[in-house]
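Below, each value reflects all heavy atoms present in this structure, side chains not excepted, and no hydrogens, waters or symmetry copies.
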Amino acid sequence: MKWLELLAVAGATLIASATVVTLYSLGVRLTAIAADAEQTSPGLKRSFAYICFGLCGLAVLVGLYLIIPYFSK
């Protein structure tokens, strides 16, 4: 068994999952801040939240592309 390749996959998985979780939680936080009535620019915060959610969706699609053999032929 090639241990360095296993560690590389484990490290990439850990980094990717931490990135997706961070982006999603940042999007939820920005959505909550934008919903506050006392904010000065809720549109900008909501836009950044949607960008975070879009990046999460893009990461999921890339992961599916890498996992499903039909797409990576």
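- The cluster map of Ile, Leu, Val, Met, Phe, Trp and Tyr, joined by side-chain heavy atoms under 4.5 Å apart, puts Tyr65 and Tyr70 in the same cluster.
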Please set out all donor-acceptor pairs under 3.5 angstrom arising from side-chain atoms of residues 40-59, sequence neighbours excluded.
unit_1: Lys45; atom_1: NZ; unit_2: Gln39; atom_2: OE1; d: 3.4
unit_1: Ser47; atom_1: OG; unit_2: Gly43; atom_2: O; d: 2.8

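- Side-chain heavy atoms closer than 4.5 Å link hydrophobic residues (I, L, V, M, F, W, Y) into clusters, and following such links, even through other members, never connects Leu4 to Val9.
- Residues forming a side chain to side chain contact (heavy atoms under 4.5 Å, CB included) with Thr19 (at least two apart in sequence, or on another chain): Ile15, Leu23.
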Under 3.5 Å, sequence neighbours excluded: what are the donor-acceptor pairs made by side chains of residues 25-33?
unit_1: Ser25; atom_1: OG; unit_2: Val21; atom_2: O; d: 3.1
unit_1: Ser25; atom_1: OG; unit_2: Thr22; atom_2: O; d: 3.0
unit_1: Thr31; atom_1: OG1; unit_2: Gly27; atom_2: O; d: 2.8

